[in-house]
2 protein chains.
Amino acid sequence: MGKRGSYAKSEARRDSILRTALEVIDTEGYAAASVTRIAEAAGLSKTGVLHHFETKEKLLTEVLRLRDELDESGFADPTASLGDLEAAYLKVVERNARIPGMVELFTRLSVEATDPDHPAHDFFLRREADIGRRIAETVERHLDERHRGAVEPDAVALLLLAATDGLQMRWLLDPEIDMTAALATLFRIFDAVLDGPPQD
Amino acid sequence: MGKRGSYAKSEARRDSILRTALEVIDTEGYAAASVTRIAEAAGLSKTGVLHHFETKEKLLTEVLRLRDELDESGFADPTASLGDLEAAYLKVVERNARIPGMVELFTRLSVEATDPDHPAHDFFLRREADIGRRIAETVERHLDERHRGAVEPDAVALLLLAATDGLQMRWLLDPEIDMTAALATLFRIFDAVLDGPPQD
DNA sequence: GTCTATACCGGGATAGAC
DNA sequence: GTCTATCCCGGTATAGAC
């Protein structure tokens with residue numbers, strides 16, 4: 001040992017780079033998601049940044065991971081109600097609607113990561129599974145309080161996530177789209193079905 | 001004048017190239033969506049293909065436009081019922097679930113075309129508006145028969161389109177996903193709400 | 001282990017030669 | 001109008017300073 005200091009420094013550097021990248025992309029848009037620009041903003045050279053993350057793709061994957069961590073505060077709660085979930089979810093989407101750069105980064109990486117060989121492939125697979133499971137659990141619990149069997153929680157979770165991604169893509173194409181309103185409508189529809197009379 | 005024959009020939013060539021491209025992508029996947037491969041399959045040189053379409057992006061945009069034409073037979077009918085729409089819609093998605101190459105092309109272009117300067121930007125803007133309007137009209141008509149005011153048709157159309165795009169993206173990431181089942185569930189939920197008691 | 005300098009590669013834009 | 005030369009830029013690989 002005696003290397004402890006180095007590890008700590010490296011960790012701090014990585015974190016500092018990621019937070020800088022996050023901010024730069026938020027304020028300057030997706031165009032700022034270049035290694036050069038991020039390095040410049042973080043106060044070191046391009047090579048310096050790459051020393052910590054190896055490739056651009058890995059760096060950006062970590063940026064997304066950090067963003068998720070910061071966003072997650074809301075719907076990580078396993079005891080949340082459906083209303084809590086909706087509120088937390090809409091809050092995140094509403095915030096996203098002000099940072100096209102980050103949404104674009106997320107969407108582009110989502111598509112790239114479709115390739116099983118892409119460094120972010122596993123990240124997205126896990127991410128979708130994790131968030132989906134948490135949503136499904138909340139829906140499941142909601143059903144306990146009323147009546148079961150009407151709708152499969154997994155299907156609701158999948159639809160909610162897919163609709164969100166699709167809306168973000170569409171919003172990038174046409175910023176006039178009101179993502180929050182559309183998702184609020186979807187929640188309202190879910191509510192109507194989940195709270196409706198039990199299926200026979 | 002005197003060039004009439006050329007125009008006709010050029011039109012025929014364009015069409016033949018597009019149909020070849022469609023088939024090649026369907027059978028060989030997204031990797032086959034290269035100008036070289038398409039040219040080869042269509043029996044002319046790369047330059048020959050580009051002579052008719054200028055850039056790869058414009059060529060691929062036209063491929064998507066042709067695919068839409070071929071798919072549209074189903075839900076172009078302005079007198080269709082909600083059930084008809086659902087059947088036609090699910091048929092298209094079900095077919096897509098067998099041709100990852102075309103879905104990948106569509107998804108990738110969707111994201112690229114997000115840029116207002118992209119040659120396919122207007123195409124996608126118009127496409128989404130057109131299909132959305134048609135869906136909304138069908139929903140609207142469905143509401144006439146029962147009760148209005150419960151849900152805005154435009155919101156339903158937007159959600160359906162967004163969910164479809166999101167599901168396709170997710171399916172590319174994880175082919176285990178059953179897109180058709182998920183969309184069938186969404187239709188079922190829409191039905192439940194639209195057929196429910198009028199809102200007060 | 002952290003970081004810089006430099007050079008390389010590929011794509012896209014630009015400009016000038018023909 | 002085309003073809004080529006050149007340059008810039010972003011990402012990557014290597015050598016070496018500290």
Side-chain angles (χ1 to χ4, degrees), chain A residues 1-66 100-124 172, chain B residues 3 6-7 10 13 30-39 44-61 104-105 108-109 111-121:
Chain A
M1 349 206 141
K3 290 281 175 189
R4 288 237 203 104
S6 304
Y7 292 147
K9 184 178 178 185
S10 184
E11 259 312 296
R13 253 285 183 254
R14 283 178 58 98
D15 195 65
S16 139
I17 292 169
L18 290 179
R19 284 173 197 278
T20 305
L22 209 61
E23 205 203 308
V24 154
I25 294 168
D26 278 358
T27 57
E28 298 176 28
Y30 176 72
S34 76
V35 179
T36 309
R37 179 71 194 95
I38 292 170
E40 186 183 291
L44 62 165
S45 74
K46 198 159 60 157
T47 348
V49 169
L50 259 1
H51 166 73
H52 292 283
F53 296 96
E54 290 167 43
T55 69
K56 182 196 182 181
E57 278 153 348
K58 288 184 185 174
L59 164 62
L60 294 181
T61 305
E62 293 308 311
V63 170
L64 248 29
R65 199 192 303 276
L66 174 59
M102 196 51 77
V103 173
E104 188 168 355
L105 171 60
F106 173 83
T107 306
R108 296 193 102 104
L109 250 195
S110 292
V111 177
E112 314 274 276
T114 268
D115 176 356
D117 293 333
H118 192 283
H121 187 75
D122 284 351
F123 165 72
F124 275 101
L172 291 173
Chain B
K3 290 279 178 189
S6 304
Y7 290 150
S10 183
R13 252 282 184 262
Y30 176 72
S34 76
V35 180
T36 310
R37 179 72 195 95
I38 291 170
L44 34 89
S45 75
K46 192 157 74 159
T47 335
V49 168
L50 259 5
H51 165 72
H52 291 282
F53 296 95
E54 292 168 41
T55 69
K56 181 191 179 180
E57 278 151 349
K58 290 185 184 173
L59 165 62
L60 294 181
T61 306
E104 189 168 354
L105 171 60
R108 295 192 103 105
L109 251 194
V111 178
E112 314 275 275
T114 266
D115 177 356
D117 293 332
H118 192 281
H121 187 73

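Note on naming: letters A, B, ... go to the chains in the order of the sequence lines (proteins, then strands), and numbering restarts at 1 for each one.
Here Phe106(A) and Tyr30(A) keep their ring centres 6.0 angstrom or further from each other.
Remark: the backbone N or O of Glu112(A) is not paired with any side-chain donor or acceptor of His118(A) at under 3.5 angstrom. Formation of a donor-acceptor pair under 3.5 Å by the Arg13(B) side chain with backbone atoms of His52(B) is not found in this model.
Residue order along DNA chain C, read from the 5' end via each residue's closest nucleotide, puts His51(A) first among His51(A) and Lys46(A).
Taking atom CD on Glu57(A) and atom P on dT12(D), their separation rounds to 7 Å, with Å as the unit. Atom-to-atom, CZ of Phe53(A) to C1' of dT12(D) comes out at 17 Å; the value is rounded to the nearest Å. Residue Asp117(B) contributes atom CG, which lies 15 Å from atom C1' of dG12(C) at whole-angstrom precision. Atom OH in Tyr30(A) sits roughly 12 Å away from atom P in dG10(D) (whole-Å rounding). Protein atom CD1 of Ile38(A) is 16 Å distant from nucleotide atom P of dC3(C), rounded to whole Å. To the nearest angstrom, C1' of dG1(C) lies 14 Å from CD of Glu11(A). For the pair Glu40(A) CD and dG11(D) C1', the computed distance is 16 Å after rounding to whole Å. Taking atom CG of residue Asp15(A) and atom P of nucleotide dT2(C), one finds them 14 Å apart after rounding to whole Å.
Here dT12(D) is the nucleotide among dA13(D), dT12(D), dT2(C) with the atom lying nearest to any side-chain atom of Leu50(A). In the set dT4(C), dG11(D), dC3(C), the nucleotide with an atom closest to the side chain of Lys56(A) is dG11(D). Comparing dT4(C), dT12(D), dG11(D) against the side chain of Ser34(A) picks out dG11(D) as the nearest. In this structure, the nucleotide among dC3(C), dA13(D), dG10(D) sitting nearest to the side chain of Arg13(A) is dC3(C). Nearest to the side chain of Thr36(A), among dG1(C), dG11(D), dA13(D), sits dG11(D). Counting only heavy atoms from C-beta on, Ser10(A) has its side chain closest to dT2(C) among dG10(D), dT6(C), dT2(C).
No N or O donor and acceptor, one from the side chain of Ser45(A) and one from the base of dA5(C), sit under 3.5 Å apart.
Rounded to the nearest 0.5 Å, atoms NE2 (His51(B)) and OG (Ser10(B)) are 6.0 Å apart.
Between Arg108(B) and Glu104(B) a salt bridge is recorded (basic side-chain N to carboxylate O distance below 4.0 Å).
Dashed line: the shortest gap from a side-chain N or O of His52(A) to OP1 or OP2 of dG1(C) is not under 4.0 Å.
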